[in-house]
Amino acid sequence: MFSTDDHKFMAQALRLAEKGLYTTTPNPRVGCVIVRDGKVVGSGSHKQAGEPHAEVHALRQAGGSARGATAYVTLEPCSHHGRTPPCAEALIAAQVAHVVVAMVDPNPQVAGNGLALLQQAGIRTDIGLLENEARELNVGFVSRMTCGRPWLRLKVAASLDGKTALNNGVSQWITGPDARRDAHRLRARSCAVLTGIGTVLADDPMLNVRDVETTRQPLRVVVDSGLRMPPAAKMLTQGKTLVLTASADQAKAGQLRAAGAEVLALPGGDGRVDLLRMLDELGKRGLNEITVEAGRGLNGALVRQGLVDEFVIYLAPLLLGDRARGMFDLPELVAMEGRRELRIADVAMVGRDLRVRALPVG
């Protein structure tokens, strides 16, 4: 169905879409290439919300050459009026002859309507070229549009025997500088970094992006059921921080608000923060991807409730021993039927360390 040239031009559009990896939230990352007589006459990517979409940049560059051309777009052209006019109408006005789309837009406001507009205008459309690659690029946007909540990526740095810290809490540094830099790329592409109050009290982290060039810092989210967050915590000096609690202590909440934090009570039935409500709330705020950088307590709670979409585990060539702290606080199993199965999606060496990316089965 698709030719070698089709694959080449869609791959180019995907590389353009990657330029928005750190900047487009809450919008998806999209690239567009316009081709006429086998030559690229226009290309563009979406840079950030409120600015023109990828198709508009490509059409401006193509000018009159767009007439009769083929447009390769990594996501279905939008059909609704948002901050910018519909891209489907722009393609129709430019009189392109053919539009190749990697994937249908999961946004219910679009979801096939953009393709229908093109088809009604007599423009040939083809769908599904490099769809998996396009979906991977926008996994958080797809999750929020289809499930109402962000994609939750749990990142762990551990020794080869699965330990994240010594028994006394010391954890710096288990992994090498290359792995730590790679982890900052996860922060940079994320809308928020989620941690627990135990990590804040033990490490006083800033949870900002330092080793990657970006114009946007992620929101910091702290799960703090008892409102133990210190008003002098370093992360409160780094920008927006959301503290989620189950406590009704207004005096403590007031101190944190005075220090610059937003405090939101989401109590669950067990006296702790309701983690499912937390994800619903973050989804309503337009957050697509969340990276978890927490200790075994919050990690385990998220796994037990089936809320983790992806695991990214950096394994260092070290052994820390049985008494060191593990990755997840999970109950003891007495039968193998209770095991939680994962599917390995990717394995790579990052400097001296091994990065394993895994997805829950089912």
Side-chain angles (χ1 to χ4, degrees), residues 149-150 152-158 163-172 187 190-208 217-285 287 290-309 311 323-332:
R149 67 177 185 83
L152 195 73
R153 179 184 295 111
L154 195 153
K155 169 255 170 182
V156 183
K163 304 301 181 180
T164 62
L166 301 179
N167 193 39
N168 62 9
V170 174
S171 62
Q172 295 181 342
R187 286 185 186 178
S190 300
C191 305
V193 178
L194 174 69
T195 194
I197 185 60
T199 299
V200 174
L201 295 176
D203 300 334
D204 194 18
M206 293 187 289
L207 293 185
N208 60 351
Q217 290 290 339
L219 172 71
R220 282 151 286 271
V221 182
V222 181
V223 176
D224 180 13
S225 295
L227 274 187
R228 295 185 291 155
M229 180 83 172
K234 288 180 182 176
M235 72 172 64
L236 297 182
T237 68
Q238 298 299 309
K240 293 182 179 179
T241 300
L242 172 62
V243 179
L244 302 173
T245 186
S247 172
D249 191 325
Q250 293 303 311
K252 288 184 178 179
Q255 292 175 353
L256 290 175
R257 291 187 180 109
E262 178 185 356
V263 181
L264 178 64
L266 293 176
D270 58 357
R272 299 183 180 184
V273 171
D274 187 321
L275 298 178
L276 185 57
R277 285 180 63 197
M278 171 191 76
L279 290 180
D280 288 341
E281 172 65 25
L282 296 178
K284 291 175 182 176
R285 293 177 179 225
L287 305 187
I290 310 296
T291 292
V292 181
E293 297 190 27
R296 62 193 300 268
L298 181 56
N299 286 350
L302 291 166
V303 171
R304 287 195 300 273
Q305 295 187 39
L307 300 179
V308 179
D309 297 302
F311 296 84
R323 293 184 180 275
R325 299 181 184 183
M327 292 188 269
F328 307 102
D329 181 8
L330 296 172
E332 179 185 0

Show me the donor-acceptor pairs, under 3.5 Å and distance only, between side chains in residues 231-241 and residues at least two apart or in other chains.
residue: T237; atom: OG1; partner: K234; partner atom: O; Å: 2.6
residue: Q238; atom: OE1; partner: N208; partner atom: ND2; Å: 2.9
residue: T241; atom: OG1; partner: M235; partner atom: O; Å: 3.4

* Picking from I197, V273, D224, what satisfies side chain to side chain contact (heavy atoms under 4.5 Å, CB included) with L244? -> V273
* Asked: Do R285 and E281 sit within salt-bridge range, that is, some charged N less than 4.0 Å from a carboxylate O?
  -> yes
* Asked: Do the side chain of T195 and the main chain of V222 share a donor and acceptor less than 3.5 angstrom apart?
  -> no
* **Taking every non-hydrogen atom, the tightest pair across P205 and V200** => CD-CA, 3.8 Å
* Asked: Taking only residues two or more places apart in sequence or in another chain, which ones pass side-chain hydrogen bond (donor to acceptor under 3.5 Å, both in side chains) with Q305?
  -> none
* For the residue pair T245 and S225, what are the closest heavy atoms and their distance? -> OG1-O, 2.9 Å
* Structure fact -> Distance col, row L276:CG vs L302:CG, nearest 0.5 angstrom, shows 11.0 Å
* Grab the two heavy atoms, one from R153 and one from S190, that are nearest each other, plus how far apart they are. => NH1-OG, 3.9 Å
* So, the side chain of D270 versus the backbone of R272: is there a donor-acceptor pair under 3.5 Å, distance only? -> yes
* Asked: Tell me, do L282 and L194 make a side-chain contact under 4.5 Å, heavy atoms counted?
  -> no
* To do: Could you go through the side chain to side chain contact (heavy atoms under 4.5 Å, CB included) check for R296 and T164 one step at a time?
  => CA-CA 8 Å; R296 62 193 300 268; T164 62; 5.8 Å; no
Got a list of side-chain donor-acceptor pairs under 3.5 Å for residues 246-255, not counting sequence neighbours?
residue: S247; atom: OG; partner: D249; partner atom: N; Å: 3.0
residue: D249; atom: OD1; partner: A251; partner atom: N; Å: 3.1
residue: D249; atom: OD1; partner: K252; partner atom: N; Å: 3.1

* To do: State which residue, out of V303, V156, N299, fulfils the side chain to side chain contact (heavy atoms under 4.5 Å, CB included) condition with F311.
  => V303
* Asked: Would you say D309's side chain and L152's backbone share a donor-acceptor pair under 3.5 angstrom?
  -> yes
* Asked: Short question: side chain of R304, backbone of D329 - any donor-acceptor pair under 3.5 Å?
  -> yes
* Trace of the side chain to side chain contact (heavy atoms under 4.5 Å, CB included) decision for L154 with F328 -> CA-CA 11 Å; L154 195 153; F328 307 102; 3.9 Å; yes
* Can any side-chain N or O of R325 pair as donor or acceptor with the backbone N or O of N167 at less than 3.5 Å? -> yes
* **Pairwise side-chain contact, L227 with V263, heavy-atom cut-off 4.5 Å (strictly under)** => yes
* Structure fact -> In short, A294 meets G196 closest at the heavy-atom pair CB-N, 4.0 Å
* Going by heavy atoms in the side chains, are E293 and T199 under 4.5 Å from each other? -> no
* When rounded to the nearest 0.5 angstrom, what is the spacing between CG in L219 and CD1 in I290? -> 7.5 Å
* Asked: Does any N or O in the side chain of R277 come within less than 3.5 Å of the main-chain N or O of P267, such that one atom is a donor and the other an acceptor?
  -> yes
